[in-house]
Structures are given as C-alpha cells and as structure tokens.
**Student:** 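Structure below; questions to follow.
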Amino acid sequence: MKIGIIPRVRIFKNKQIEYCIERKLIIFLNKIYKNSSIVFLNEIKKNNIFDILIISGGNDLPKFSNLKENLIKNKITNYYLKRSIKRKIVVVGICYGAQFIANFFSCKLKKTKKHVGNHPIKFEKNNFNLNLKKNDFTNSYHTYLIKKVSKNIKPLAKANDNSIEAFKHKRYKIYGIMWHPERNKKLKKFDVEYFKKFK
C-alpha cells in the first residue's frame, strides 16, 4: 500500500519553503498499515500514485489566514482531494485536514480558544462506531472547530461543546478527525481501531 501525505508548509524569513511531516505520524501510519510506503505530496504531480491520502495537521485555511504557506498548502490539498474523490481513493484528514475537508463540503467552522489540551469526546451511536467505548479522551491543538456539518457529512464524535471531533462523508470514503493520534505518548487503542475503519 502507498500512503500519500500532504505535509505542513513553513516559510522562513529568508523566504525558504520547508515541507514538514512529523516523524511520529509516519511511525503511527506504519503501525496501522503494515508494509506500506510513503509518498510525500509537496507539489502537484499528475503521476503521483497512492492508495490512501492523509491530509496532515499544521497551517490554517486561507479563509482564516492568507499567509503564503497557507495558500501553498491549500492549493496542494485542493488538487489531491479532488483527484482522490474522482479516483475513489480513501482520504483521512487530521486536524487541519479535517477542517479543510469540512470547509470543502460547506460545513460551518468557528474560532475557539478552548480546544488546546486533552479533553473528552463522545462517540455517536451508529454502525461505524460499533465496538468502541461511548466516551474517550483525546488531544487538541487547533484554534478552529467544526461547529455544524453539511447534509453530506455524518458526525462520528463530538466534544463537550457539541463541536464535531470526527466525521465521515456519506457518499465518499472521506474521513476527518480533529485530534492528533500520532502525538500521544502511547498508541491509543481507539485510534488504531478508528484508522482500521478508514477503508
């Protein structure tokens, strides 16, 4: 299996562009998807081939910040998300990735100061969440939350403030989570189970 990862984009004072993927994310994905290889999607290439698209965390949507690094990541993400939809490839958005997907499908996002640190989440009652605990704890590193979903998006988990922590598209194999499973000190059982459902 080939995993395509869209990295975080940084631009330094000397205008040097850096594309970053957390080492822990690669380790996490290799534990979930055995015998996989990684394709770094730091530019638009029509011949990039992958079986699953991971839109990593980092950066902000241009609607919230039009810094050059955000515009670069937005362009790359928009291209590969559209291509993945067309080719029926599985897409998983992590934090920024979930926000991007939610915004792409016309969900409502809102700024917050209360989503940094560990907090409880509640899994919705549905077939996708079978065999999971009703509640769990996860981390947060975002300043924008998903307040309301559009008709094409199905909520899978919510925070105490009723914001969306996880979702799936009703038609496509597209999923989003607002936390970072790769940043936990120890691999969490529900993160493993969740990623195995993304297929």
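Any value given below was found using the heavy atoms of this structure, including those in side chains, with hydrogens, waters and symmetry copies removed.
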**Student:** In Å, rounded to the nearest 0.5 Å, how long is the span from CD1 of I94 to CD1 of I55?
**Tutor:**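 Going from the CD1 atom of I94 to the CD1 atom of I55 covers 9.5 Å.
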
**Student:** Any salt bridge linking E43 with K45? Criterion: basic side-chain nitrogen under 4.0 Å from a carboxylate oxygen.
**Tutor:** yes

**Student:** How long is the span from the CD1 atom in I52 to the CD1 atom in I89, to the nearest 0.5 Å?
**Tutor:**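 These two atoms lie 10.0 Å from each other.
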
**Student:** How far apart are the closest heavy atoms of F28 and P181, and which atoms are they?
**Tutor:** CZ-CB, 3.7 Å

**Student:** Per the side chain to side chain donor-acceptor pair (under 3.5 Å) rule, what does the pair list look like for residues 82-109, sequence neighbours excluded?
**Tutor:**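 Sorted pair list: K63-N103.
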
**Student:** Under a 4.5 Å side-chain heavy-atom rule over Ile, Leu, Val, Met, Phe, Trp and Tyr, are V39 and V9 clustered together?
**Tutor:** yes

**Student:** Determine whether D51 and I3 satisfy the following criterion, side chain to side chain contact (heavy atoms under 4.5 Å, CB included), listing intermediate values before the conclusion.
**Tutor:** CA-CA 6 Å; D51 304 297; I3 304 171; over 6 Å; no

**Student:** With sequence neighbours excluded, what pairs up with N184 under the side chain to side chain donor-acceptor pair (under 3.5 Å) test?
**Tutor:**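 If we apply the side chain to side chain donor-acceptor pair (under 3.5 Å) test to N184, skipping adjacent residues, the hits are N139, D191.
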
**Student:** State the NE2-CG distance between H119 and D161, to the nearest 0.5 angstrom.
**Tutor:**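 Reported to 0.5 Å precision, the distance equals 8.0 Å.
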
**Student:** State whether the number of non-hydrogen atoms from other residues, nucleotides or ligands found under 6.0 Å of K188 atom NZ is greater than 12.
**Tutor:**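 Yes.
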
**Student:** Determine, using the 4.5 Å side-chain heavy-atom cutoff (strictly less than), whether L81 and I54 are members of one ILVMFWY cluster.
**Tutor:** no

**Student:** State the OG-CZ distance between S56 and F40, to the nearest 0.5 angstrom.
**Tutor:**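 Interatomic distance, S56 OG to F40 CZ, rounded to 0.5 Å: 10.5 Å.
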
**Student:** Side chains of I146 and M178: closer than 4.5 Å at any heavy-atom pair?
**Tutor:**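 The answer is yes; the side chains approach within 4.5 Å.
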
**Student:** How about I164 and I153: do any of their side-chain heavy atoms sit closer than 4.5 Å?
**Tutor:** no

**Student:** Could you walk me through whether Y80 and V91 satisfy the side chain to side chain contact (heavy atoms under 4.5 Å, CB included) test, starting with their C-alpha distance in whole Å, then the side-chain angles of each, then the deciding distance to 0.1 Å, before giving a yes or no?
**Tutor:** CA-CA 10 Å; Y80 284 111; V91 179; over 6 Å; no

**Student:** With distance as the sole test, does N74 use its side chain to make a donor-acceptor pair with the main-chain N or O of P62 at under 3.5 Å?
**Tutor:** no

**Student:** Ignoring hydrogens and angles, tell me if any N or O in the side chain of K197 forms a donor-acceptor pair with the backbone of F128 under 3.5 Å.
**Tutor:** yes

**Student:** According to the interplanar angle, ranging from 0 to 90°, do the rings of W179 and Y194 count as parallel (below 30°), tilted (30 to 60°) or perpendicular (above 60°)?
**Tutor:**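 Tilted: the ring planes of W179 and Y194 meet at 30° to 60°.
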
**Student:** E193 and N131: which non-hydrogen atoms are nearest, and at how many Å?
**Tutor:**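 Reported closest heavy-atom pair: OE1-O, 4.1 Å.
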
**Student:** Same cluster or not: Y79 versus I17, using hydrophobic residues (I, L, V, M, F, W, Y) connected whenever any side-chain heavy atoms lie under 4.5 Å apart?
**Tutor:**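 They do share one cluster, since a chain of ILVMFWY contacts under 4.5 Å joins Y79 to I17.
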
**Student:** Determine whether more than 12 heavy atoms belonging to other residues, nucleotides or ligands lie under 6.0 Å from atom CG of N47.
**Tutor:** yes

**Student:** Is there a path of hydrophobic side-chain contacts, each under 4.5 Å between heavy atoms, that joins V90 and L25?
**Tutor:** yes

**Student:** Quick one: does Y33's side chain have a donor or acceptor within less than 3.5 Å of a partner on F195's backbone?
**Tutor:**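 Such a contact is found between Y33 side chain and F195 backbone.
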
**Student:** If you round to the nearest 0.5 Å, how far is CD1 of I11 from CD of E18?
**Tutor:**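 With rounding to 0.5 Å, CD (E18) is 11.0 Å from CD1 (I11).
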
**Student:** For V149 and C107, work out which heavy atoms get closest and say how close.
**Tutor:**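 In this case the closest contact between V149 and C107 is CA-SG, 3.6 Å.
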
**Student:** Specify the closest pair of heavy atoms between A157 and F123, including all atoms of both residues, with the distance to one decimal.
**Tutor:** CB-CD2, 3.8 Å

**Student:** Measuring from I5:CD1 to L29:CG, what's the distance to the nearest 0.5 Å?
**Tutor:** 5.0 Å

**Student:** Counting only heavy atoms from other residues, nucleotides and ligands, does the tally under 6.0 Å from CG of N135 exceed 12?
**Tutor:** yes

**Student:** Hey, are the side chains of F167 and I177 touching, using non-hydrogen atoms and a 4.5 Å cut-off?
**Tutor:** no

**Student:** Nearest heavy-atom pair of P7 and Y19: which atoms, and what distance?
**Tutor:**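 Looks like CG-CB, 3.9 Å.
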
**Student:** Against H169, only a single residue in F104, Y175, F105 fulfils ring pair (Phe, Tyr, Trp, His ring centres under 6.0 Å); can you say which?
**Tutor:** F105

**Student:** Check the hydrophobic clustering (I, L, V, M, F, W, Y; side-chain heavy atoms under 4.5 Å; chains of links allowed) and say if I26 and L41 are grouped together.
**Tutor:**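 Per the 4.5 Å side-chain linkage, I26 and L41 are not co-clustered.
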
**Student:** Taking atom types as modelled, is there a side-chain donor on N152 or S150 under 3.5 Å from an acceptor on the other?
**Tutor:** no

**Student:** Are the side chain of N126 and the backbone N or O of N129 linked by a donor-acceptor pair below 3.5 Å?
**Tutor:** yes

**Student:** Report the residues that fulfil side chain to side chain donor-acceptor pair (under 3.5 Å) with S37, sequence neighbours left out, ordered by chain and then residue number.
**Tutor:** none

**Student:** Determine whether Y144 and D60 satisfy the following criterion, side chain to side chain contact (heavy atoms under 4.5 Å, CB included), listing intermediate values before the conclusion.
**Tutor:** CA-CA 9 Å; Y144 298 95; D60 287 320; 3.8 Å; yes

**Student:** Do K31 and L187 make a side-chain contact, defined as non-hydrogen atoms from C-beta onward lying under 4.5 Å apart?
**Tutor:** yes

**Student:** Between the side chain of T77 and the main-chain N/O of K73, is any donor-acceptor distance below 3.5 Å?
**Tutor:** yes

**Student:** Going by atom types alone, do S36 and N30 pair a side-chain donor with an acceptor below 3.5 Å?
**Tutor:**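 Looking only at side-chain atoms, N30 and S36 do form a donor-acceptor pair, the distance falling under 3.5 Å.
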
**Student:** What heavy-atom pair brings C95 and G57 nearest, and what distance separates the two atoms?
**Tutor:**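 Result for this residue pair: CB-CA, 4.3 Å.
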
**Student:** For K151, is there any backbone N or O sitting under 3.5 Å from a side-chain donor or acceptor partner on K170?
**Tutor:**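 Here the side-chain-to-backbone pair exists.
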
**Student:** Is there side-chain contact between E124 and K158, with at least one heavy-atom pair below 4.5 Å?
**Tutor:** yes

**Student:** Considering only NZ, NE, NH1 and NH2 on the basic side and carboxylate oxygens on the acidic side, decide whether E22 and R183 come within less than 4.0 Å.
**Tutor:**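 Between R183 and E22 there is a salt bridge, with a charged N closer than 4.0 Å to a carboxylate O.
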
**Student:** For a side chain to side chain contact (heavy atoms under 4.5 Å, CB included) check, start with the C-alpha distance between I6 and N42, then their side-chain angles and the critical distance, and finish with the verdict.
**Tutor:** CA-CA 6 Å; I6 298 175; N42 60 346; over 6 Å; no

**Student:** Do N70 and N59 get their side chains close enough for a donor-acceptor pair, meaning under 3.5 Å?
**Tutor:**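 Side chains of N70 and N59: pair found under 3.5 Å.
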
